[in-house]
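Worth knowing before you read on, the calculation uses all heavy atoms, side chains too, and leaves out hydrogens, waters and symmetry mates. Everything numeric in this text was worked out from a predicted model, so none of it was measured. Every chain is numbered from 1 and lettered A, B, ... according to where its sequence line falls, protein lines coming before strand lines.
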Protein chains: 2
Amino acid sequence: MNNHQWPVPEGEGVISAPPASSLRDENQPAGEVERLYLEIFDAVIDQRLRPGVKLTEAVLCDAFACSRGTVRAALAQLQHDKIVELQPNRGAFVAQPDIKETRDVFEARRMVEAAILDKLLSLPDLPDRLQQLWQMVRQERAAFERQDRVSWIRLSNAFHVQLVRLAENEVLTELMNSLCSRTSLIIALYDKPGCSACSFDEHEHILQQLSRGDRQAAQQAMRQHLQDCEERMHFADRNVPDPWTMFHRQL
Amino acid sequence: MNNHQWPVPEGEGVISAPPASSLRDENQPAGEVERLYLEIFDAVIDQRLRPGVKLTEAVLCDAFACSRGTVRAALAQLQHDKIVELQPNRGAFVAQPDIKETRDVFEARRMVEAAILDKLLSLPDLPDRLQQLWQMVRQERAAFERQDRVSWIRLSNAFHVQLVRLAENEVLTELMNSLCSRTSLIIALYDKPGCSACSFDEHEHILQQLSRGDRQAAQQAMRQHLQDCEERMHFADRNVPDPWTMFHRQL
DNA sequence: TTCCAAAATATTGTTGACAATTATCGACAG
DNA sequence: CTGTCGATAATTGTCAACAATATTTTGGAA
């Protein structure tokens, strides 16, 4: 399937020159598909959309007041992020990561997040930057105590993303975003509802070790935290989504 | 923009149940958009498509004999991978990573690839698995000596991807694929044409340290290799793409 | 009742057309 | 010669309709 020719400039090379620089206006609408993408992405992170749910194009069109073309573009991107699965001629479903993917995601997280702690400890003003994370852990605890599951899940993921964000590396930040969303799917599928998937105690412990500047202990705490989270998954009885609650925003 | 409701099952919950399991046929067409995606992805990796080139939808339709909807879906995915930039109402351009992105990509690669070496060294049959990489380095040298630039670039990227693939972690493999494609764009933009961006000598050196089982030395070699590659970039005079050669497959 | 086949329904894949926006070219004043 | 303005052309964003495929329902026989 590689037997074609890239188009050759017709005539005497009249194809337009590339743009001098990106002059994108950040305040602009930024595209309908991006909006849809983020909407569905957040719904999956928050576990309002559970794994296996069918995302019918017409329903999404109706819900977000846009055309099917927009929906299809957004779904294509979500598929590429492994958040939805696109089955030909059958439709889009919220992805259901299997055991292998679970292992891979957590292994990747252990590698990346431990490496990031290493970099964070080289920052001179790390204690200042950690302030917002202490704040975040307090919010986690509060959300947990008032049994606000959605806020708690969101904060639990946000903790890891914000920690990575301190490294001021957009590539790593986006990677962590992607890994957290996939982790959310995994937890939704395999975590016992009663169990706390990502405890704020452990987050607190990581922050303590970071504040002390103890590299070994901080990395060990992070690895253990992720390890514990992975081991809390039960693959025997997966949480099959309930057709009645599916598609129902449990705000 | 969050003030809508997820659709509620109408009537008495008649929305179809989720699929029991994925029964995707791997030999099937796998989608037109995936084909287009890979075609453009490879063209960027091989530097047949240079940064800044405008990807007109109609031209791509014509070139790959598909509809604009397909093209738009593929471009949306490529945008999300930071391989093309989609400017509203202006069109799609092959991305032009800036200095910040260059720093972030290489930093991420140093972290991830060093961490992966750590895991590889724990494999009992590592020497066996390294065989194919030795072979690959030989091919790199051969391609370089016969001045086959496209093959050489492709093999140079493939070395890193294959190395990661030994860890048998699909998440990390896909990540490395993405990072390599972005690196290709960076090299196309900022590397002096004469300089060798990714020398096979250094690849060989990494393999040597791995074979010896020297963790410290192997990681140091990898970090140094990526550091050297990054430092070879000159941001002063970027290689602005030539409108005449753009879009012309230099097979 | 249970099973199987076929029609009916619903959903996806694809195409084409039209509106909105942007880029290009030429005329013309400074 | 340079720069601005306006008309034309090209390109993108969006939508609606149709064909292809999958799912559900219906009907009938064992």
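- In this entry the distance linking CD of Glu57(A) with C1' of dT21(D) reads 13 Å, nearest Å.
- For Arg72(A), a side-chain nitrogen or oxygen approaches OP1 or OP2 of dG13(C) to under 4.0 Å.
- The nearest whole Å value for the distance from the CG atom in Leu86(A) to the C1' atom in dG13(C) is 11 Å.
- dA23(C) atom C1' lies 13 Å from atom CD of Gln87(B), rounded to whole Å.
- Rounded to whole Å, atom C1' of dG13(D) lies 16 Å from atom CD of Glu34(A).
- Residue Leu78(B) forms a side chain to side chain contact (heavy atoms under 4.5 Å, CB included) with just one option from Val94(B), Ile40(B), Leu36(B), Leu55(B), and that option is Ile40(B).
- Here dT22(C) presents its C1' atom at 10 Å from CZ of Phe93(B), a figure rounded to the nearest Å.
- Here the CD1 atom belonging to Ile187(A) is positioned 4.5 Å from the CE atom belonging to Met233(A), to the nearest 0.5 angstrom.
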For nucleotides 15-20 of chain D, print each protein N/O atom paired with a nucleotide N/O atom at under 3.5 Å, atom names and distance only.
unit_1: dC15(D); atom_1: OP2; unit_2: Ser67(A); atom_2: N; d: 3.3

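- Side-chain nitrogen and oxygen atoms of Lys54(A) include at least one within less than 4.0 Å of the OP1 or OP2 phosphate oxygen of dT12(C).
- At least one donor-acceptor pair closer than 3.5 Å links the side chain of Ser67(A) to the backbone N or O of Gly69(A).
- With sequence neighbours excluded, no residue forms a ring pair (Phe, Tyr, Trp, His ring centres under 6.0 Å) with Phe106(B).
- Of the candidates dT23(D), dT22(C), dT12(C), dT22(C) carries the atom nearest the Arg90(B) side chain, counting heavy atoms from C-beta on.
- Pairs engaging residues 32-59 of chain A under the ring-ring contact (aromatic ring centres under 6.0 Å, His included) rule: Tyr37(A)-Phe41(A), Tyr37(A)-His80(B) [sequence neighbours left out].
- The closest side-chain donor-acceptor pair between Asp81(B) and Ser181(B), if any, does not fall under 3.5 angstrom.
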